[in-house]
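Every chain is numbered from 1, with letters handed out A, B, ... down the list of sequences.
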Amino acid sequence: MNADFSKPYDPKETESGIYQMWLDSGYFNPDNLPAAKPHTPHPKPYVIYMPLPNVTGTLHMGHALDNTGSDILIRYYRMKGFRTLWLPGTDHAGIATQYKVEKELRKEGVSRFELGREKFIERVWKWKEEYGGIIIDQLKKLGASADWSRLRFTMDPDYAKDVLQAFVHYYKKDLIYRGLRTVNWCPRCGTSLSELELEHQEEKGALWYIRYPISNEGFQISNYVVVATTRPETMLGDTAVAVNPNDKRYAKLVGKTVRLPLADRTIPIVADMKIDPGFGTGAVKVTPAHDILDFEIGQRHKLPSIQIIDERGKMNANAGSYAGMKTEEARKAIVERLASEGLLEKEEPYVHNVTICYRCGHVIEPIPSMQWFLKMDKLAHSALKTVRSGTVNIQPENFQKIYFDWLENIRDWTISRQLWWGHQLPVYFCKQAANDKFQVPSSKNGNNFVVASEKPKTCPFCGACDMEQSPDVLDTWFSSALWPFAGLSESDRKNYYPGNFVSNARDILNLWDARMIFSGLEFMGKPPFQNVFVHGTILTKDGKRMSKSLGTGIDPLKYIDQYGADATRFAVVWQANGQDIRWDEAAVMAGRKFCNKIWNASRFVLEQTATSKFEIRNSKLAPQTEADKEILSKLAETKKQTEQYIETFEFAKALQNLYDFFWHNFCDTYLEESKKQVTDEKMRPSTQTILRNTLIESLKMLHPFMPFITEAVYQNLNEQSDRFLMTTEW
RNA sequence: GCACCCUUAGCUUAGUGGUAAAGCGUUACAUUGACAUUGUAAAGACCGUAGGUUCGAUCCCUACAGGGUGCACCA
């Protein structure tokens, strides 16, 4: 492969050819790397598990940042002689993918229910085959040197087997249970969500003050408790009024009862520490069925739970005359009714946060639902311990606090989802006793289901029926939490687990990193990596979040296409210090200019040291002038600094330092000086040697950051020892 | 509401207990000699505001303002 030095550097002409050459070499696969180089008699592995991109995804700036950082490390350690594995994969991304295919169906005027589960899943697979590889191709364009021969998908048969086994394992250890709980429910997606899948949005609403008559004191106008609420429609499901035990205003009322307006029921007044006496009237209506906090209060006080809203977000039969209404309609009707009965004390405008689904943006409706939970206390404890002890290191350090906060206050993880696309639970129900599947909690002893990684041949309950698998699927994060080992074959686990490093944005620190850590500890006995690196978020130049829907997104592929992958990588790394990055396009231009500088300097060195004038093999580094000495000492210093910066993940510093060395010390100073030196017969050979040596060393150091151009130049230098710069000894 | 982070040249950001760097931009000059995707030089910052510690603070402490993030949601 020969690049044309007579023209300015053209990444388009070069990059795809170079990448193909690397692919053909097979060196992305560590098993193909030369087994024992002289400097590493027993090469150690260096492993990174790629943060799984969603199959629905296309490359965005966040990926570019994650993966450029990982590729720098992988390429660096590969040149250092390590057996480097960068394990790539894609995530089936339950909700995201299902939502996407459903949208496609909607355009055709079909719903997934009309299609049926089996056909729908077929359709998703088809979609995956067609579009699921896009992001992989895009990562290749970026120059990612991952081992594509090991590419995994989280729904691959082997992977799925591990996922189901993990479920069975937890269940046998009594860490998984099934229960009827008030959970966060998205009426549009039709599924439960975990607390980490929620977002909050400010909304202008109202606070209604409602009078609840104290039941045993007759219905006189002064004898009532006033509760404040933003959701009056849920009062039909109230089963108590709660006050703070230290609140003197209500001390005498605790233990008494009130008559619940609009519903012919009497409910108790209970005392609970969670109630803030300073808010509203200090008295709160308690609706265990439709509020997570109220559910917990209900548990503490053994209150019944009355569901009045169904999974589509409509009032159900328990709501009496309001049944069938949407919650907003019911709210309006109920407020009007209360007002007409003189039970509405006042209404004030109020801005509060509503909880929305992180995927579709629909308002979350907490409803009681039969779900599966993973007990978190022990697992969280192990994940805490491994970071506290320094076995796993989270950088920058202040993110440790976020990690600790979450794990210390953790709730059990709702792992079941009412979706079709995903790993179906390895739970099999007896058909005879299956009527209670969604409504009645089953204890482990008196249950009507079996947890097993394969369907039992005969039903252990009735001995006759063909057992029916639970329709629920697992939370996607349950399966991606297993990625560091489920992505590896049995034999690979011996060589390539645990890994060394993971890099991602802060939003998945708990969602994913924490869960990979405790899963690794649970199933492999060791955490999956030593270093978690949380990088900044790339924002627009004026500090706004990048988002497709807002039109503020910036496509890294646009830059790769226009200015080359190296220039794009340069820009990403150049700006990536610990803080969030206000993306400045000028950095890409700077990267492109730097590429050109490398290109032209290389041409110069090549011309100066063409074999007709110069025999490299016979020359030794023999500095003769001050300039010679200075460039060689600066080179040695730069090399040391580069190693240090890369190994501490300070990529921006490493690159800036290299940039400064190459441009100013090498090009501006030494190259200019060398022009004079080569005119002197005595100095020519040593000058040529130093030129060539410094260039090659620079190319090596720059290679992890800008792999394409450095490899292209190296190929033109016709070095003899290694075929590729990529595998040249550092 | 609680916690954490940020605020440095026109823009995007480094950085240090002794008044500050880089990229882009600007200005002047040079140069077709690897590279005009160039070189040399210059201008440009009271380092968010107000206090405090210190011989001395942009860097440490406190408060405030603006921006951001995490957690909790207050019903």
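In 5' to 3' order, the nucleotides of RNA chain B bounding all contacts with chain A (an atom under 4.0 Å from a heavy atom) are B:rA3 to B:rA75.
Looking at RNA chain B, the stems built from 3 or more consecutive Watson-Crick or G-U wobble pairs, each pair with its key distances under 3.5 Å, are B:1-7 with B:65-71, B:10-13 with B:21-24, B:26-30 with B:38-42, B:48-52 with B:60-64.
For A:Arg388 and A:Phe404, the positive end sits near the middle of the six-membered ring, less than 6.0 Å away and at most 45° from its axis. A cation-pi arrangement is absent between A:Lys597 and A:Tyr9 under the rule of less than 6.0 angstrom and at most 45 degrees off the ring axis. For the pair A:Arg515 and A:Trp413, the cation sits on the ring face: its NZ or CZ lies under 6.0 Å from the ring centre, inside 45° of the axis. Note that A:Lys653 lies outside the cation-pi zone of A:Tyr645, set by a 6.0 Å cut-off to the ring centre and a 45° limit from the axis.
Using atom P as the reference point in both B:rU16 and B:rG48, the two lie 15 Å apart (nearest Å). Comparing B:rG25 with B:rU31, their C1' atoms are spaced 22 Å from each other, to the whole Å. Rounded to whole Å, the C1' atom of B:rC60 lies 38 Å from the corresponding atom of B:rA41. Rounded to the nearest Å, the gap between the C1' atom of B:rU38 and that of B:rA45 is 29 Å. Rounded to the nearest Å, the gap between the C1' atom of B:rG70 and that of B:rA14 is 26 Å. Only the C1' atoms considered, B:rG44 is 30 Å distant from B:rG51, to the nearest whole Å. Rounded to a whole angstrom, the distance from the P atom of B:rG17 to that of B:rG23 is 24 Å. The separation of B:rA21 from B:rA63, taken at their P atoms, amounts to 33 Å, rounded to a whole angstrom.
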Does the pair A:Asp272 and A:Lys274 meet the rule for a salt bridge (charged side-chain N to carboxylate O under 4.0 Å, His left out), with working shown? CA-CA 5 Å; A:Asp272 195 282; A:Lys274 282 276 176 180; over 6 Å; no

A:Phe594 and A:Tyr659: ring pair (Phe, Tyr, Trp, His ring centres under 6.0 Å), yes or no, with the steps? CA-CA 8 Å; A:Phe594 189 43; A:Tyr659 175 93; 4.8 Å; yes

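Residue contacts shown for A:Ala587 are absent, as no nucleic acid heavy atom lies under 4.0 Å away. Using a 4.0 Å heavy-atom criterion, one finds that A:Glu585 contacts no nucleic acid atom at all. Within the 4.0 angstrom heavy-atom criterion, only backbone atoms of the sugar-phosphate kind lie near A:Lys541; the bases stay farther away. When heavy atoms are screened at a 4.0 angstrom cut-off, A:Leu539 is found touching no nucleic acid atom at all. Across all strands shown, A:His200 has heavy atoms under 4.0 Å from base atoms, whether or not it also approaches the sugar-phosphate. Here A:Cys667 lies in heavy-atom contact (under 4.0 Å) with a base. Residue A:Tyr403 is out of contact with every strand shown, counting any heavy-atom pair closer than 4.0 Å. When heavy atoms are screened at a 4.0 angstrom cut-off, A:Asn577 is found touching the sugar-phosphate backbone but no base atom. Here A:Trp574 lies in heavy-atom contact (under 4.0 Å) with sugar-phosphate atoms only. Residue contacts shown for A:Arg592 include a base, since a base heavy atom lies under 4.0 Å away. Across all strands shown, A:Lys401 has heavy atoms under 4.0 Å from sugar-phosphate atoms exclusively, and none from any base. Among the atoms of the strands shown, only primed sugar atoms or phosphate atoms (P, OP1, OP2) are found under 4.0 Å from some heavy atom of A:Asp668. Residue A:Trp208 is out of contact with every strand shown, counting any heavy-atom pair closer than 4.0 Å. No engagement by A:Asp405 is indicated, since no non-hydrogen atom pair under 4.0 Å with the nucleic acid exists.
Residues A:Gln677 and A:Glu673 bring no donor and acceptor atom of their side chains to less than 3.5 Å of each other. Side-chain polar atoms of A:Thr287 and A:Lys285 form a donor-acceptor pair below 3.5 angstrom.
Heavy-atom nearest nucleotides on RNA chain B were determined for A:Arg582 and for A:Tyr9, and the one closer to the 5' end corresponds to A:Arg582. Nearest-nucleotide assignment on RNA chain B puts the 5′-proximal partner with A:Tyr659, out of A:Lys593 and A:Tyr659.
Between A:Phe649 and A:Phe651, the ring planes are perpendicular. Angles over 60° get that label, and only those under 30° would be called parallel.
The two residues A:Arg692 and A:Leu717 come nearest to each other via the heavy atoms NH2-O, 2.7 Å.
Side-chain contact between A:Thr182 and A:His290 is absent, with no heavy-atom pair separated by less than 4.5 Å.
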